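Next up is a structure, given as structure tokens.
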Amino acid sequence: MKYDFRRVEAKWQKRWAEEGLYEVPDFSDRPHYYCLEMFPYPSGKLHMGHVRNYSIGDVVARFKAMNGFHVLHPMGWDSFGLPAENAAIKHGGVHPADWTNSNINAMREQLKQLGFSYDWRREFSTCEPDYYRWTEWLFLQLFHKGLAYKKKAAVNWCPSCATVLANEQVIKEGVCERCKTVVEKRELAQWFFKITDYAERLLKDLELLPGWPEKVKIMQENWIGRSEGAEINFPVAGSDDIITVYTTRPDTVFGVTYMVLAPEHPLVEKLIAGTDKEKEIREFVRKVQRLSEIARTSVETEKEGLFTGAYCINPLSGEKVPILIANYVLLEYGTGCVMGVPAHDQRDFEFARKYGYPIKVVIHPPGAGLDPATMEAAYEEEGIMVNSGRFDGLYGREGIRAVTSYLEEKGWGRSRVNYRLRDWLISRQRYWGAPIPIVYCDKCGTVPVPEDDLPVLLPRAVKFKPTGRSPLAECPDYVNTACPSCGGKARRETDTMDTFMCSSWYYYRFTSPGESSGPWDQAKTDYWLPVDQYIGGVEHAILHLLYSRFFTKVLYDLGLISNQEPFTNLLTQGMVLKDGAKMSKSKGNVVSPEDIVAAYGADTARLFILFAAPPERDLKWSDQGVEGCYRFLNRVWRLVAPLADVVRQAPTAVSGSLAGVNREMRRATHFAIKKVTEDIGSRFNFNTAISAVMELVNTLYQYREVPEADREPAVLREAVETLIILLAPFVPHAAEELWEITGHTGSVHRQPWPSYDPQAIVEDEITVVVQINGRVRDRILAPAGVSPGEMREMALKEERVQKLIGGREIVKVIPVPGKLVNIVVK
RNA sequence: GCGGGCGUGGCGGAAAGGCAGACGCGCUGGACUUAGGAUCCAGUGGGGAAUACCCGUGCGAGUUCAACUCUCGCCGCCCGCACCA
């Protein structure tokens, strides 16, 4: 009798759906638990990364449910996005909506075949008007709060995707996060969200997230990039202009020997206009701007600067300081200029040496001096202020504070906290996204679409060409509209929203997916949120997770939700590798989940993926490993199926005291409960949980060989039932079938999780290891409750130990209760 | 350069200062069999005839009765950030 996974998996998937086994009521008296995995973009088919992500989530959801929690475990589709539109361009004819929906249908089918415990009634897709209506609505809330604004700025432009990108979507070496094309800068008017207003809270509230991996928190911290310092005003000599510089080292201000502006700095034009430097400087600015973002910001790029001919005045020292421009100064950071302090900044030091600017020492290391002539590197540590007039003698932070308050007193500057974080650019020059609900009227200006007029529907008939202009702009019926304010002729905004906006609030929608009077029912979000366990790839450490945190804080401030953070616990799963590399079409090392499910079944696929590595680590795919898991399931089947009748007829309670093999069997059963419960419940170590179940199976195989007369039926029954229940979160179909054939009615997934009997796992006898000088030399059997003193006695008495010690002097004996005795001899 | 992670048999991985290698894969042998690429049982870090003994968790020091585990210094691989003023 072979385990027929095709029949069994289909049978239970059908029955679960019919019985609504995974449908979750909105409320319950039981403690609630929201288990969520990052919903997928419907790219076509599931890949192994999805299977891993969702298998992990399913174990957690099922385990929590069996432990008495009321578990929300939903699934949906992050369905706006470029690939749909690119497919339309490439294959002609196919509309993004149709392409997307057919992908969703295929992937939903795959998810169902994998047997995940989703409440499918809550499914939604972000490209449906019912959903994006509320994405638009949320945009309006941000707009009304002054958190959405349009401005002209030098923005990241991906020539391949033919759209702008947010800073977070430009990754290492300055390439597009999606297509890895080198990103360019373009001067465009774009919509932004003021995420910078929330920089401090986004940083500080990371402390509220002990359940997040340290790594992710550090990445967010670095991205936000908080620094403390001061702004200092340097008046331009012979003019009313002022150069405001940001520095983290106001204590070095007396050491400034030049000032550098970013080439794009607005003051540059003014400084050079009509001077003999004009031509030379313009040439230089053009040269710098021609450089790509990568070359521009690479450490390797040679630092180049040019004197503008103008000077400014150091307000503290009164010194006249030359103003230059240089390629390494970024307009976007701080105030777009840098004060050059060669003695105390390595970069400035090298720059000054190259161009011959003086090096002026204003900080001395404690107990030592510095000589500019012989210095080989800048002194960047803290130290004692010198050559700094009234501030001489102040040390480190003290000096910084003194200089800053003096500046404030004189009105020459102020203390300032600076962030690396930039505002979130959300407009995209593409079609397949949520429309930005804004109308431009010649008379009334920028007018938000009234909430009652939402959703602004995406028109279906549109030409898709990656021209760099928004496709909606070519669609007169869409563009031309009446001004909501004056009724006159007006034009709609034709850019759409970044899809990260859709995924920044979807986890609220799952609580009330059909809600039509608002984005969600607040009673339900108050009940379920925050998400107790969120699971997904680390590639979203900054992007999605930072945006979602930002949204949550805005929504909280708007009084729309009651939680300050969206995700209490975060699990970032590792990648699925094959042949030492991430699975990818270009590498040709892709294993298709469909093929695995067809050949071995969903349970085997899930079991392998959970068994092969702990969830946070990368997983190395192994066809033989899959084979092994398949064999294990068959081994379980061959064990349990023939015992089904025995189990069925056995008494449910173990009566009387047990001895010998029966006691051993029961111990193995309860030990497995303990191990699996701890491994899933507190560590997410599914691999070791599964190995514990395998050990229980191995013990059962031995127990099966015991003559029937010597076996205790109740012990066998308990062992088999426990085995099935422990398997249920990992291999839900097989467990359900085994549960049924062993005579149970009702789903195994509705069974309470077993607890172990501490008495049952107590050993009668333990093996005590005897070490001599830390090396294992003997093992002795001792009664379970043996005291350290008795252990010591027993070990020393042992003949073999005596012999090995010989005549040597015993220095020390260390008994470790229940484990070992270490005898130290000389 | 800065920050984080990892380094254990032929392979995936166990071991939360206390018997290194659980569990699985692979391999070897046996049983069953017309057959076995199924199944069951046993063995399996290296050296060694050995249940003796020695060696062994990237390398080198240290702490400890005891170190894969803690500390310090290197080496290698991976990830993130990087002219941030």
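Letters A, B, ... are given to chains in the order of the sequence lines, protein chains preceding strands, and every chain is numbered from 1. Values in this document were obtained by computation on a predicted structure and should not be read as measured data.
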Residue Arg420(A), side-chain atoms from C-beta onward, closest of G80(B), C54(B), C81(B): C81(B)

Sugar-phosphate, base or nothing in reach of Arg704(A), heavy atoms under 4.0 Å: nothing

Phosphate OP1/OP2 of C84(B): any Tyr246(A) side-chain N/O under 4.0 Å: no

Opposite nucleotide pairing with U51(B), Watson-Crick or G-U, both atom distances under 3.5 Å: none

Residue matched to C83(B) through Watson-Crick or wobble contacts both under 3.5 angstrom: none

Check: Trp223(A)/Glu168(A) side-chain N/O donor and acceptor closer than 3.5 Å: yes

Any Arg347(A) side-chain N or O less than 4.0 Å from OP1/OP2 of C84(B): yes

Atom-pair distance (CZ on Arg631(A); C1' on G37(B)), nearest Å: 10 Å

Atom-pair distance (CG on Asp778(A); C1' on A52(B)), nearest Å: 13 Å

Span that lies between the C1' atom of G9(B) and that of G26(B), in whole angstrom: 12 Å

Watson-Crick or G-U counterpart of G37(B), or none if no pair lies under 3.5 Å: none

Distance test, side-chain N/O of Arg800(A) to OP1/OP2 of A52(B), below 4.0 Å: no

C41(B) OP1/OP2 closer than 4.0 Å to side-chain N/O of Arg635(A): yes

Any-strand Watson-Crick or G-U partner of A14(B), both distances under 3.5 Å: none

Sugar-phosphate, base or nothing in reach of Gly225(A), heavy atoms under 4.0 Å: nothing

Touch class at under 4.0 angstrom, heavy-atom based, for Phe632(A) against every strand present: nothing

Pairwise P distance, C23(B) and A42(B) [rounded to whole Å]: 11 Å

Over all atoms of both residues, closest heavy-atom pair of Arg226(A) and Tyr419(A): CG-CE2, 3.6 Å

Spacing of Tyr333(A) atom OH relative to A85(B) atom P, expressed in whole Å: 4 Å

Base-pairing assignment for U71(B) (Watson-Crick or G-U wobble, both under 3.5 Å): A61(B)

Residue pairs, two or more places apart or on separate chains, that pass salt bridge (charged side-chain N to carboxylate O under 4.0 Å, His left out) and touch residues 246-265 of chain A: Arg249(A)-Asp251(A), Glu264(A)-Arg296(A)

Whole-Å gap separating P (C25(B)) and CG (Asn634(A)): 12 Å

Any Arg775(A) side-chain N or O less than 4.0 Å from OP1/OP2 of A66(B): no

Minimum-distance nucleotide to Lys812(A) side chain [options: A85(B), U39(B), C65(B)]: C65(B)

Rounded distance (Å) that lies between atom P of C84(B) and atom CG of Asp348(A): 10 Å

Most 5' of Ile171(A) and Leu331(A) on RNA chain B, judged by nearest nucleotide: Ile171(A)

Watson-Crick or G-U wobble mate for C6(B), both contacts under 3.5 Å: G76(B)

With sequence neighbours excluded, residues passing salt bridge (charged side-chain N to carboxylate O under 4.0 Å, His left out) with Asp345(A): Arg347(A)

Sugar-phosphate or base contact per nucleotide [nucleotides 1-23 of chain B; S, B, -; heavy atom under 4.0 Å]: --S--------BSSSB-BB--BB

Value in whole Å for how far the P atom of C79(B) lies from NZ of Lys582(A): 11 Å

Within the 6.0 Å centroid threshold, strictly below: Phe351(A) and Tyr258(A): yes

Given Thr722(A), Leu727(A), Thr688(A), Val693(A), the one that forms side-chain contact (heavy atoms from CB on, under 4.5 Å) with Val676(A): Val693(A)

Length of the line joining Lys826(A):NZ and C65(B):C1', which is rounded to integer Å: 14 Å

Inter-nucleotide P distance (C70(B), C79(B)), Å rounded: 24 Å

Rounded C1' spacing from C19(B) to U51(B) in Å: 16 Å

Test item: Glu319(A) and Lys360(A) side chains (from C-beta on) under 4.5 Å apart, heavy atoms: yes

Mate of A42(B) where both pairing distances stay under 3.5 Å, Watson-Crick or G-U: U28(B)

Sugar-phosphate, base or nothing in reach of Val329(A), heavy atoms under 4.0 Å: base

P-based separation of C74(B) from A66(B) [nearest Å]: 26 Å

Electrostatic pair Glu350(A)-Arg353(A), nearest N-O below 4.0 angstrom: no

pair Val59(A)-Phe684(A): side-chain heavy atoms closer than 4.5 Å: no

C1' gap between G46(B) and U64(B), integer Å: 28 Å

Base orientation of G9(B), syn vs anti, 90° cut from 0: syn

Integer angstrom distance from the P of C25(B) to that of A31(B): 22 Å

Shortest non-hydrogen contact from Pro263(A) toward Val329(A): CD-O, 3.8 Å

Length of the line joining Leu804(A):CG and C53(B):P, which is rounded to integer Å: 7 Å

Sugar-phosphate only, base, or nothing, as touched by Ser622(A) at under 4.0 Å among non-hydrogen atoms: nothing

Atom P, compared across U63(B) and G10(B): separation rounded to whole Å: 32 Å

